[in-house]
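Single-structure report; data block below.
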Amino acid sequence: MEYTDQMKHRVKRVEGQIRGILRMMDEEQDCKELVSQMNAARTALDRAVGLVVGSNLEQCVREQTENGENDEQVIQEAVNLLVKSR
């Protein structure tokens with residue numbers, strides 16, 4: 001699996017959000033703001049997972065189709081990965 005710059009950028013953005021959350025904790029900022037930022041980081045990470053799984057699914061289905069294999073199993077594995085990520 002090749003991880004694109006777009007995928008890496010999304011994860012780096014989440015990393016920055018997490019650092020910001022830790023800084024907010026150190027500064028004892030308001031709980032509501034902290035929770036809001038935590039939700040934003042979780043959403044960003046969920047989107048990154050979706051991008052990785054989607055790309056993986058696309059690549060695997062394409063390879064299996066070229067090899068004449070059953071792509072139903074690959075699709076099921078991708079669905080399982082998405083379910084596990086939630």
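A donor-acceptor pair is defined here as one N or O able to donate and one able to accept, closer than 3.5 Å; such a pair exists between the side chain of Ser55 and the backbone of Leu51.
Here Val11 sits alone; no ILVMFWY side chain lies under 4.5 Å from its own, so it joins no hydrophobic cluster.
Legend: residues meeting side-chain hydrogen bond (donor to acceptor under 3.5 Å, both in side chains) with Arg13, ordered by chain and number and at least two apart, are His9. Applying the side-chain contact (heavy atoms from CB on, under 4.5 Å) rule to Gln37 yields the partners Ile21, Met24, Glu33; only residues at least two apart in sequence or on another chain are considered. Annotation: side-chain hydrogen bond (donor to acceptor under 3.5 Å, both in side chains) contacts of Gln6 (sequence neighbours excluded): none. Checked against salt bridge (Lys or Arg N to Asp or Glu O under 4.0 Å), Glu15 has the following partners two or more places apart in sequence or in another chain: Arg19. Scored by the side-chain hydrogen bond (donor to acceptor under 3.5 Å, both in side chains) test, Asp26 finds no partners at all (sequence neighbours excluded). Evaluation of the side-chain contact (heavy atoms from CB on, under 4.5 Å) rule for Glu2 yields no partner, not counting sequence neighbours. Residues that satisfy the side-chain contact (heavy atoms from CB on, under 4.5 Å) test with Glu28, not counting sequence neighbours, are absent from this structure. Remark: Arg47 engages Arg10, Thr43 in a side-chain contact (heavy atoms from CB on, under 4.5 Å) (not counting sequence neighbours).
Within a 6.0 Å radius of CG in Asp5, other residues, nucleotides and ligands contribute 12 heavy atoms or fewer.
Under the 4.5 Å side-chain heavy-atom criterion for Ile, Leu, Val, Met, Phe, Trp and Tyr, Val14 and Leu22 are members of the same hydrophobic cluster.
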Inset, instruction - Begin from the C-alpha positions of Leu45 and Arg42 and carry the test side chain to side chain contact (heavy atoms under 4.5 Å, CB included) through to its verdict. - result: CA-CA 5 Å; Leu45 189 56; Arg42 178 173 45 198; 5.7 Å; no
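Contact annotation: the side chain of Gln29 never approaches that of Leu34 to less than 4.5 Å [non-hydrogen atoms, C-beta and beyond].
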